[in-house]
Every structure is written in C-alpha cells, then in structure tokens.
Amino acid sequence: MKKQFYFLLCLIFICSCTQNKPTDVIVLKNATIYNGKGDVIKNGIIIIQGGTIVEIGDKTVNIPKSVEIIDITGKFVTPGLIDSHIHFAQTGFFDARPNVVDLRDYFDFDELQNDLKNNPQSYYDAYLRSGVMGVYDVGGFLWSITRQKEAENNYKAPHVAASGPLLSGVDETRLDYFNTSDAKQMVYLSSPEMGRETVKQYSKLGSTGIKIWGVMLKDSSFMKSLQAVADETHNQNNKLIVHATSLDQAKEALRLGAKILVHSVDDKEVDEEFIQLALKNDIIYLPTITVTRGYLEAFKSFKEKRDFDDANNALDVRAKTFLETSTDYLDKLPKDFNLEERISLLKNLCLRTEPIMMLNLKKVHESGIRVAVATDAGNPGTFHGISIYDEMEIMQKAGIEPKDIIIMATQNGAIAMERANDFGTLEKGKFANLIILEEDPAIDITNFRSITHVMRSGVINPIHNE
Ligand SMILES: [Zn+2]
C-alpha cells in the first residue's frame with residue numbers, strides 16, 4: 001500500500017513538470033542510470049539546465065535549492081536512442097517503393113514525396129514517442145540534408161544526420177522508380193568526373209557521408225568511378241558509407257575506405273581479412289537484421305491485416321492507415337506481380353540470411369568492431385520509430401548482451417552521426433536527451449518497450465497521458 005502511494009506520488013511529480021521550459025532547472029533523482037558508455041549509476045542524480053546536463057553522478061551530487069526535483073525511484077534512465085539507418089523519403093509501405101510493388105495508379109509518387117518533404121512532424125513524433133532522439137538518414141533527396149538544421153532546434157524532433165542522394169551503378173531505368181519528375185534520391189554514377197563533382201556538391205551542402213548503393217565488382221567502369229568517389233570523399237573530409245551485403249562486396253568497400261557498412265554481411269561468415277580491414281578503417285557496422293522480415297510482413301499484409309504491437313501509440317498516421325487498409329490493395333496489385341511467389345522467396349531469404357547476419361553480428365562485435373543499432377526504417381514493413389525495438393531484440397537473440405546493445409543504440413549511433421560531442425551519452429555538458437523506463441533494459445532489451453517519459457534537450461514529455 002505504502003509502495004503504491006509512493007508510486008502515485010512519483011507520477012504526480014512527473015506529470016507536474018511535463019510542460020517545463022528548456023530554460024528551467026530540473027533534477028532527476030534516484031534512478032538507475034545507464035550512461036551510454038557502459039557505466040551504471042545506482043541512485044543516480046542528473047541536474048539539467050537550459051537543455052543541457054550540468055551535473056550527473058550518484059547520491060553525493062549536490063542538489064541546488066529551489067529547483068524542481070523529480071523523484072524516479074525504481075525507474076531506469078538511458079540516453080535517447082539513435083537509429084543509424086533510416087529513410088525519411090520512405091513510408092513503411094510500397095507507396096514509396098514502386099520498384100518493388102508498383103501502386104502508382106493509387107499513390108501519386110510526386111505528391112507523396114512532396115508531402116514527405118513538407119510534413120515531417122508525424123515521423124518526428126513517431127521517433128520521439130519511441131524514445132529515438134537521433135536518426136541518420138542514409139539515402140534520400142537533397143532536402144534530407146537541409147533537414148539536419150531544421151530538426152536541430154525543434155524539441156519535438158530527433159536530431160538528424162543525412163547523406164543526401166545515393167550514388168549507384170544500377171541501370172538508370174531501375175533507379176528512376178525512386179525519383180520524382182524534378183528531383184533525384186538515386187543518382188546514376190556515370191563517370192569518375194561526375195562522381196567527383198557530385199561528392200563536392202553534396203559535401204558543400206553539408207552531407208554527413210556519401211552513400212553508395214551497391215558495389216558491382218564485375219563492372220570495371222563502375223568500379224573506376226567508385227574509386228574516384230572514394231578519393232574525392234576523402235579529399236572533402238567526408239566519409240564513405242556503403243550498401244554492400246556480400247562478403248566480397250563489403251571487403252572491397254572497406255578497401256576503398258568505407259567508414260560505415262549500412263547492412264550486415266549476409267551471404268557468408270565474415271573472415272579474418274574482413275575483420276582486419278574493418279578494424280583498420282575503424283568502421284561502424286549497422287546490422288539492420290529485421291528489414292528483410294519487414295518486407296515479408298508487408299507482403300503478407302496484402303492477404304491478412306498485420307497484427308502490430310503499438311502499446312505506446314508511437315506509430316505515425318500513415319503507418320496506422322496502411323495497417324488498416326493493406327488488404328484493400330490485394331486486387332490492385334500489378335498483373336505481373338506474383339504475391340505467393342514473392343512471399344515464398346522472402347521466407348526463404350529470411351531463413352537463409354538471418355542466421356548468418358546474427359552470427360556475423362556476434363563475430364563482428366567480439367572482434368572489437370564498433371556496431372550501432374539501425375533499422376532501415378521506411379522500407380516496407382519497417383515503420384519509423386517503433387521498429388528499433390524489434391531490431392534490438394533480434395540483436396539480443398543473436399547473443400549480444402543488453403548492456404552492450406544499450407551502448408550500440410546510444411553512444412555508437414551518435415558516433416555514426418558525428419555528433420558524439422553533443423549527445424548519445426549522459427555526461428556533463430551534453431544535451432539532456434534521455435528516456436525513463438519502468439523496467440531494466442540491462443536485464444532484457446525488450447524492456448525498452450516500457451518507456452514512460454522522454455526528454456529531448458531538457459523538455460520532458462510523458463508517453464502515456466497519466
Ligand atoms: Zn536503407
């Protein structure tokens with residue numbers, strides 16, 4: 001009874017401060033704090049002022065007088081999560097991926113992209129409600145680069161890093177599916193000169209990374225252009241980020257100086273050469289294990305509505321609509337699209353690649369290569385925000401300890417975004433970006449679903465309206 005009363009009291013304290021201004025001083029007291037660097041602080045105290053952590057430590061920290069104190073005894077605090085691989089130009093359904101299922105008769109692609117460009121708030125909300133306070137858009141239209149600045153001072157948005165358009169050697173007619181009548185998110189890498197100019201342009205605009213989509217090892221002219229892109233990326237003090245899912249492609253990407261591999265190696269077990277190259281480049285490895293299964297779920301949802309756990313009401317409006325209406329498109333699928341065959345292919349792909357990806361994650365982690373949590377959100381079936389839980393959970397199934405996944409989902413994501421000086425860990429001088437959890441995430445990573453409050457730059461908000 002007494003415990004219950006105390007719990008209620010805590011809730012009242014928290015509710016009373018949900019409209020705080022970023023300039024207020026707030027003290028969070030008595031929680032178990034995971035600081036994102038691997039340290040645990042029991043009965044921890046965090047003092048926040050002006051959106052920044054001004055003090056953090058155990059019970060010996062001096063609490064100033066006449067400030068708002070929030071007692072969160074029994075709760076757990078971690079830095080805000082970071083998803084290191086997302087796409088703001090994709091929705092979680094096929095409307096944004098006509099190259100996979102062409103539904104352009106029902107969804108105007110230009111209109112959709114215009115909407116995604118001009119109305120980002122529903123995805124921002126989805127991220128914050130999921131506890132995600134940093135996202136790395138590794139492939140989109142040029143506007144994704146300007147979004148970095150736009151989102152920075154918006155307390156209702158995650159911090160954004162973005163690479164801008166993807167460079168690819170894939171046949172241009174296939175790339176056109178991704179592009180609108182007046183803008184490209186997929187750019188054909190046509191020559192070394194063109195590659196160099198593009199790298200210069202994106203770097204000047206402030207792109208965080210230069211993204212390559214596919215490494216065509218047998219296409220010698222593409223590989224020559226890719227070498228030029230790699231060289232210019234280095235000259236511009238930018239970094240090469242590469243989609244390369246086979247071991248051979250991934251190794252070649254590393255030889256070219258890649259700093260981020262945006263997916264797992266999924267065809268073979270990584271070998272010693274891969275590990276040495278990755279360590280030498282000091283890369284960040286993004287597993288994105290669940291995105292393939294997301295496609296499978298999205299295909300299946302044409303036949304039967306997908307049952308989806310959204311306990312924290314974090315899904316964006318568009319995702320909710322697709323979950324409700326996906327079966328309406330069954331009779332609208334293109335004539336040459338064989339749904340049963342695609343489902344069967346995807347099932348086999350998951351069965352074949354998931355065990356390799358899980359094994360490689362463990363091997364990569366144990367060899368000391370830095371790993372960051374990443375979902376590839378926006379791809380069909382992988383929704384913005386909430387998908388981070390599934391990804392962390394499969395990483396745990398792969399044998400990664402929850403305490404290490406916490407670091408991968410916070411500090412390492414900030415390193416990927418090149419923002420480690422600002423957030424990703426709970427330290428004096430950093431943004432007060434944190435989440436409060438009911439259950440201990442270091443015991444079981446599924447406990448990240450027990451999120452009760454999020455704080456972005458010192459502004460605290462409840463997930464549930466108590
Ligand atoms: Zn992606």
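Just so we're clear, the structure is a prediction, and the values are computed from it rather than from any experiment. Below, all heavy atoms of this structure are taken into account, side chains as well, without hydrogens, waters or symmetry copies.
Counting non-hydrogen atoms of neighbouring residues, nucleotides and ligands closer than 6.0 angstrom, the CG atom of Asn348 exceeds 12 such neighbours. Within 6.0 Å of the CG atom in Asp171, the count of heavy atoms belonging to other residues, nucleotides or ligands exceeds 12. For NZ of Lys362, the number of neighbouring non-hydrogen atoms (other residues, nucleotides, ligands) closer than 6.0 Å is 12 at most.
Asn179 pairs by the side chain to side chain contact (heavy atoms under 4.5 Å, CB included) definition with Asp176, Lys184, Gln185, Met186, not counting sequence neighbours. Residues passing the ring pair (Phe, Tyr, Trp, His ring centres under 6.0 Å) test with His87 are His85, sequence neighbours excluded. Applying the ring pair (Phe, Tyr, Trp, His ring centres under 6.0 Å) rule to Phe337 yields the partners Phe299; only residues at least two apart in sequence or on another chain are considered. Taking Asp102 as the reference, Arg104 meet the salt bridge (Lys or Arg N to Asp or Glu O under 4.0 Å) condition, with sequence neighbours excluded. Residues satisfying the ring pair (Phe, Tyr, Trp, His ring centres under 6.0 Å) criterion with Tyr202, sequence neighbours excluded, are absent altogether.
No side-chain heavy atom of His234 sits under 4.5 Å from any side-chain heavy atom of Leu256. Looking at heavy atoms from C-beta onward, Ser207 lies in side-chain contact with Asn238 at the 4.5 angstrom threshold. Using a 4.5 Å heavy-atom threshold, the side chains of Phe107 and Leu112 count as separate. The side-chain heavy atoms of His453 and Leu434, taken from C-beta on, include no pair separated by under 4.5 Å. Contact annotation: the side chain of Met216 approaches that of Val170 to within less than 4.5 Å [non-hydrogen atoms, C-beta and beyond]. Taking the side chain as every heavy atom from C-beta outward, Lys320 and Leu323 never approach each other to under 4.5 Å. Looking at Lys397 and Leu361, their side chains never come closer than 4.5 Å, going by heavy atoms from C-beta outward. Using a 4.5 Å heavy-atom threshold, the side chains of Arg147 and Pro120 count as touching.
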Hey, mind stepping through Asp266 and Ser264 against side-chain hydrogen bond (donor to acceptor under 3.5 Å, both in side chains) and telling me if it holds?
CA-CA 6 Å; Asp266 67 6; Ser264 287; over 6 Å; no

Might you work through the side-chain hydrogen bond (donor to acceptor under 3.5 Å, both in side chains) test for Asp83 and Thr375, ending with a clear yes or no?
CA-CA 7 Å; Asp83 189 337; Thr375 63; 2.5 Å; yes

Between Arg419 and Asp422, is the salt bridge (Lys or Arg N to Asp or Glu O under 4.0 Å) condition met? List the steps.
CA-CA 5 Å; Arg419 297 296 305 274; Asp422 302 319; 2.7 Å; yes

Applying side-chain hydrogen bond (donor to acceptor under 3.5 Å, both in side chains), run through Asp440 and Tyr34 and close with a yes or a no.
CA-CA 10 Å; Asp440 190 346; Tyr34 297 105; 2.8 Å; yes

May I have the step-by-step check of side-chain hydrogen bond (donor to acceptor under 3.5 Å, both in side chains) for Arg97 and Asn379, ending in yes or no?
CA-CA 8 Å; Arg97 289 302 297 265; Asn379 274 271; 2.8 Å; yes

Using salt bridge (Lys or Arg N to Asp or Glu O under 4.0 Å), reason through Lys149 and Glu152 one step at a time and then give a plain yes or no.
CA-CA 5 Å; Lys149 268 193 189 149; Glu152 187 60 23; over 6 Å; no

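Between the side chain of Asn99 and the main chain of Arg174, no donor-acceptor pair closer than 3.5 Å is present. Using a distance-only test at 3.5 Å, with no hydrogens or angles considered, a donor-acceptor pair links the side chain of Ser450 to the main chain of Glu439. Listed for the Asp316 side chain is no donor-acceptor partner under 3.5 Å among the backbone atoms of Ser122. One N or O on the side chain of Lys259 and one on the backbone of Asn281 form a donor-acceptor pair closer than 3.5 Å. Between the side chain of Gln113 and the backbone N or O of Ala89 there is at least one donor-acceptor pair closer than 3.5 Å.
A distance of 5.0 Å separates CD1 in Ile284 from CD1 in Ile260, rounded to the nearest 0.5 Å. Taken to the nearest 0.5 Å, the CE atom of Met455 stands 12.5 Å off from the CD1 atom of Ile435. From Phe222, atom CZ reaches atom CG of Leu189 across 5.5 Å, with rounding to the nearest 0.5 Å. One distance of note links OG1 of Thr290 with OH of Tyr389; it measures 14.0 Å at 0.5 Å rounding.
The pair Arg449-Asp390 meets the salt-bridge criterion, since a charged nitrogen lies less than 4.0 angstrom from a carboxylate oxygen. A salt bridge is defined here as a Lys NZ or Arg NE, NH1 or NH2 lying under 4.0 Å from an Asp or Glu carboxylate O, and Glu193 with Arg196 fails to meet this definition.
With Thr288 as reference, His263 is the one residue of Glu391, His243, His263 to meet the side-chain hydrogen bond (donor to acceptor under 3.5 Å, both in side chains) rule. When each of Lys430, Lys37, Gln411 is paired with Thr425, the side-chain hydrogen bond (donor to acceptor under 3.5 Å, both in side chains) condition holds for Lys430 and for no other. No option in Arg255, Lys280, Lys268 other than Arg255 meets the salt bridge (Lys or Arg N to Asp or Glu O under 4.0 Å) test with Glu273.
Between Phe308 and Phe383, the gap from one ring centroid to the other is short of 6.0 Å.
Evaluation of the ring-ring contact (aromatic ring centres under 6.0 Å, His included) test over residues 169-192, restricted to residues two or more places apart or in two chains, returns Phe178-Trp213.
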